[in-house]
Amino acid sequence: MVLPTLPPPSPNSTSPVHPPPLSAASWVETLRSHARSNCFRATLATYVDMTSAGVPPDHFAFPAALKAAAGVPDPAAGRQLHAAVIKHGYHSSPVTVANTLITMYARCGDFRSALQVFDRIPDRDQVSWNSMIAALCLFEMWELALGSFRSMQQRQKSVPPSSFTLVSVSLACSNLDRADGIRLGKELHGYELRNGSYCNEKRFAFNALVAMYAKLGGVDDSVALFERFQYRDIVTWNTMISALTQNDRFKAAMSVLHQMVVAGIKPDGVTLSSVLPACSRMDLLDAGREIHAYAFRNADLFMNTFVASALVDLYCNLGLVEEGRAVFDGISERRLGLWNAMISGYAQNGLDDDALELFIEMEVAAGLSPNETTMASVLPACVRSEAFRRKEDMHGYVVKRGMEGDKFVQNALMDMYSRVGDIDISRKIFAGMEDRDVVSWNTMISGYIVCGCYSEAFNLVNEMQRSGDSTAVEVVKPNNITLMTVLPACGSLAALGKGKEIHGYAVRHALNSDVAVGSALVDMYAKCGCLGHARAVFDRMPKRNVVTWNVLIMAYGMHGRGEEAMELFELMLAKGEVKPSGVTFIAALAACSHSGMVSRGMELFHGMKEEYGVEPDADHYACVVDLLGRAGKLEEAYHLITTMNAASDKAAAWSSLLGACRIHRRTQLGEIAAKHLFELEPDESSHYVLLSNIYAASGQWDKSMEVRKNMKSMGVRKEPGCSWIEVGDYVHRFTVGDSAHPQSTRIHSFLETLWDGMKREGYVPDTSCVLHDVEEKEKEVLLRGHSEKLAIAFGILNTPPGSTIRVAKNLRVCNDCHEATKFIARLVDRQIILRDTRRFHHFRDGSCSCRDYW
DNA sequence: TGATTTCCTG
């Protein structure tokens, strides 16, 4: 018999075909020994030689050859072997041959044939059942696998389940819903305890149980099992380590590794790739390097692609992309996982074009097909990359490859559609998902926030909290990422009540000890105008990083409390826990600027490079221009811009200067700044508005109108003004001239009444803030419709007398609103905290502490 | 006849 499709023995095979042995028995022995040592191609080649030499295969030869066909895997060879099995009459007896056929077909991806073989076995033994259950698991048919297990249990006497059965069934359990899985898993565990096998056999079963508990989130059960288990082998240790890392028990994972080494077990590739994610997530660069060095000393580990993938992940996660790339480049036989790790490493470091380039290299040069993981990394890079235009095409690409049902891919697609503004498509994907995890929920929430659908976002967070408290099938609790996603939204909407609610959740679920969550809480309280709360959270944090400090320094600055901001800055330096970053100096300089601390700020600016090694960038220059400009030193500010590096982006600096020109009514200099800005950022509406305001303030109406016309003809649209106020459980949103709110009529008539009172107190409407060409009387009506006034009026009408009113606005507060709010605050005897894009305005007793308005 | 490892949300 000839098997023409069989491949020749591979040139690098360690087992060359031996000179033909003489007896049939030695042919079979050679065949089996190749199979035992997993030299599959050599096994198949020997089979061909043997049959060519006229030796008929027997019931020992077939299982060996079939194992090889399964191992390669080689479906064509497998089918021909099946034909030979029938021809030689081994198809029904002994059953060992048929059993091997089941496994062969399963490994070759032919489920129907595997099932057919099983169905046609007249006297199925324990191994037949085990092989079939394992096959079902291979095809991820978990329910069917469990069904077969039940059938087996009914035949308890003839085919009792063994440790082999337990291994497959544990795997099936770990892929069920959590509640079902745990229930069945405990049943299995009980079964093992009652009827369990011993020593070697027991080890397999227990390893599988440890893994099962971990996958179902019962990692404490895994630990308990592991600790009492005396027959540990390297897989047991590895299983325990990966169980811990996969459940975010990183410290415990490192400690098990330590115990393992102490117990004299030499870590292998699986150990390293299981423990490296723990180093990565805990930012343990030194430990990671030590493991890298250990792999370096053991050549087989060094070339292991799993270890390499985990190392690439570690280095990229710590921002050391170059080192990750070096590991990647050092591996000659790159498996898909390694490409994925590198692509994702680039993407996570914002090197989106590098990620896309590598993705193309993988497809074109290396000829590898992407899998779901690849797409989950590439999609975000596509979304962010400026160079990559046709983003929605990626959806078609994914569908064409049949990956649209994958959870990771769906998460990435949701994110993509939210970012391009198609939130409805994200919503549809989310609604249609079968298996939503915490990332799916978080992605949907952040999508809503990106698109400005805040109430939908908050509703989803509430839904998550409820499902976490209940015993619903889909148990997904808000995690630290969820909180870090919604807290900034609370801050930008000044939704203090919502923010406090989230704070409460964080405390109840011990998420507030997370540095990032803590920093987000500090920021939220500060943005809601509650500096005291922000400071209290800061003081109680067990651990702080540079972001935490920056956030609070920035907060003091925005509230016009420059002295305290600088005290905090000094404290940060004195404590020395963290080094100041570029952002720290932005915060400190901005604080000096808002409090008029010019010489202090200049000192800081000049010392930042020499004393702290932080190179000033374009944003630092913009802060200093703001500092000088605000203080009236506009010539100095202008001069500073001219000293800036030619290549650096001067737009922010010019914009600061233009802002200062508005405060100090410097028309000519304003024109110069605006000229530069119109060249650098022709689409930015705020530049046109500022210049127009400057002209209007100096009475040059024609020029003011001309700027507006230019803006229109350029097709630049002013972002509509929008203000938010939280009352009760809701954040109410108001746009200019809003009449959509249910209380609209009431708000407008209240404002009219207020208006008369304000005028009696001496308020003069600043109609220069209205840039439409209409009658003077009409201008007043337009002024009264500014969103912050509507929000404030709504607040007064709907909150208890004497309580503080907190309003947030998406643009800078105009001069008239600033002036009017002073009067309103005094008339209704309320403290009003109004936040715009730059800072907080605390209105109390008819004044505001800021000096930005005239 | 069986087990463990890399990837996604900020």
Side-chain angles (χ1 to χ4, degrees), chain A residues 63 67 70 96 99-100 102-103 106 125-135 137-138 162-171 200-201 203-212 214 233-243 245-246 268-277 280 304-314 335-345 347-348 370-380 406-415 418 437-447 449 479-488 516-517 520:
Chain A
K67 180 187 171 189
T96 33
N99 291 344
T100 334
I102 298 175
T103 304
D125 67 359
Q126 196 188 47
V127 178
S128 319
W129 283 92
N130 288 342
S131 302
M132 194 62 229
I133 295 175
C137 287
L138 207 59
S162 69
S163 67
F164 282 84
T165 330
L166 236 72
V167 167
S168 298
V169 179
S170 306
L171 184 66
N200 279 348
E201 290 289 293
R203 202 169 57 207
F204 277 103
F206 267 65
N207 290 347
L209 288 171
V210 169
M212 177 208 65
D233 65 353
I234 186 152
V235 178
T236 319
W237 287 95
N238 289 348
T239 306
M240 195 61 245
I241 292 174
S242 70
T245 32
Q246 282 173 3
D268 67 0
V270 178
T271 321
L272 301 195
S273 43
S274 300
V275 82
L276 278 167
S280 170
N304 179 314
T305 112
F306 282 106
V307 175
S309 304
L311 282 169
V312 169
D313 179 59
L314 167 84
R335 300 254 299 261
L336 186 58
L338 183 59
W339 288 92
N340 287 349
M342 194 65 233
I343 291 172
S344 139
Q348 282 182 342
N371 68 358
E372 287 82 356
T373 307
T374 327
M375 296 319 295
S377 306
V378 165
L379 278 167
D406 179 78
K407 182 170 64 186
F408 289 158
V409 171
Q410 286 170 324
N411 289 346
L413 282 175
M414 275 162 55
D415 189 52
S418 311
D437 63 4
V438 68
V439 177
S440 320
W441 285 82
N442 289 349
T443 307
M444 191 69 237
I445 291 168
S446 94
I449 290 172
N479 64 3
N480 56 340
I481 307 282
T482 321
L483 305 195
M484 284 156 56
T485 308
V486 285
L487 281 170
V517 171

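Proteins come first, then strands; the chains are lettered A, B, ... in the order of their sequence lines, and each starts at number 1.
Each of dT1(B), dT9(B), dT4(B) was ranked by its minimum atom distance to the side chain of Val235(A); first place goes to dT4(B). With dT1(B), dC8(B), dT5(B) as the choices, the nucleotide that has an atom nearest any side-chain atom of Gln348(A) turns out to be dC8(B). Distances were taken from every side-chain heavy atom of Ser309(A) (C-beta onward) to each of dT1(B), dT6(B), dT9(B); the shortest belongs to dT6(B). Taking the side chain of Val167(A) as heavy atoms from C-beta on, and the options dT5(B), dC8(B), dG2(B), the nearest nucleotide is dG2(B). The nucleotide whose nearest atom lies closest to any side-chain atom of Ile481(A) is, among dA3(B), dC8(B), dT9(B), dT9(B). In this structure, the nucleotide among dT5(B), dG2(B), dT9(B) sitting nearest to the side chain of Val439(A) is dT9(B). Taking only side-chain atoms of Asn130(A), from C-beta outward, the nucleotide of dA3(B), dT1(B), dT9(B) with the closest atom is dT1(B). Taking every side-chain heavy atom of Ser131(A) into account, dT1(B) is the closest of dT9(B), dT1(B), dG2(B). Residue Phe306(A) has its side chain nearest to dT6(B) when only dT6(B), dT4(B), dC8(B) are considered.
A straight line from CZ of Phe408(A) to P of dC8(B) spans 8 Å, rounded to a whole angstrom. For Ile445(A) and dT9(B), the CD1 to C1' distance is 10 Å, given to the nearest whole Å. Atom CG of Leu311(A) and atom P of dT5(B) are 17 Å apart (whole Å). One atom, CG of Asp406(A), and another, P of dT9(B), lie 14 Å apart when rounded to the nearest Å. Rounded to an integer number of Å, the gap from Ile234(A) CD1 to dA3(B) P is 17 Å. Summarising the geometry, the separation between CE on Met240(A) and P on dT5(B) is reported as 12 Å, rounded to the nearest angstrom. In this structure, CG of Asn371(A) is placed 13 Å from P of dT6(B), rounded to the nearest angstrom. Between Leu138(A) atom CG and dA3(B) atom P there is a gap of 9 Å when expressed in whole angstrom units.
Contacts of Ser168(A) with the nucleic acid, taken as non-hydrogen atoms under 4.0 Å apart, are absent. Asp125(A) comes within 4.0 angstrom of nothing in the nucleic acid, heavy atoms only. Asn340(A) comes within 4.0 angstrom of no nucleic acid atom, judged by non-hydrogen atoms across all strands. Heavy atoms of Ser273(A) sit under 4.0 angstrom from at least one base atom. In this structure, Asn411(A) reaches the bases: a heavy-atom distance under 4.0 Å links it to at least one base atom across the strands shown.
Side chain to side chain, Asn340(A) and Asn371(A) meet the donor-acceptor criterion of an N or O pair below 3.5 Å. No hydrogens or angles considered: a donor-acceptor pair under 3.5 Å links the side chains of Asn99(A) and Asp125(A). The closest side-chain donor-acceptor pair between Asn130(A) and Ser162(A) falls under 3.5 angstrom.
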Test Asp415(A) against Ser418(A) for side-chain hydrogen bond (donor to acceptor under 3.5 Å, both in side chains), laying out the working first. CA-CA 5 Å; Asp415(A) 189 52; Ser418(A) 311; 5.4 Å; no
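For the side chain to side chain donor-acceptor pair (under 3.5 Å) criterion with Asn442(A), the lone passing option out of Asn479(A), Asn411(A), Thr485(A) is Asn479(A). Remark: of the listed residues Asp233(A), Thr239(A), Asn238(A), Asp233(A) is the sole one forming a side chain to side chain donor-acceptor pair (under 3.5 Å) with Thr236(A).
Distances shown here put every side-chain N or O of Gln410(A) at or beyond 4.0 Å from the OP1 or OP2 atom of dC8(B). Residue Ser344(A) places at least one side-chain N or O closer than 4.0 Å to OP1 or OP2 of dC8(B).
A donor and an acceptor atom sit less than 3.5 Å apart, one in the side chain of Ser163(A) and one in the base of dG2(B). Under 3.5 Å, the side chain of Thr443(A) and the base of dT9(B) form no donor-acceptor pair of N or O atoms.
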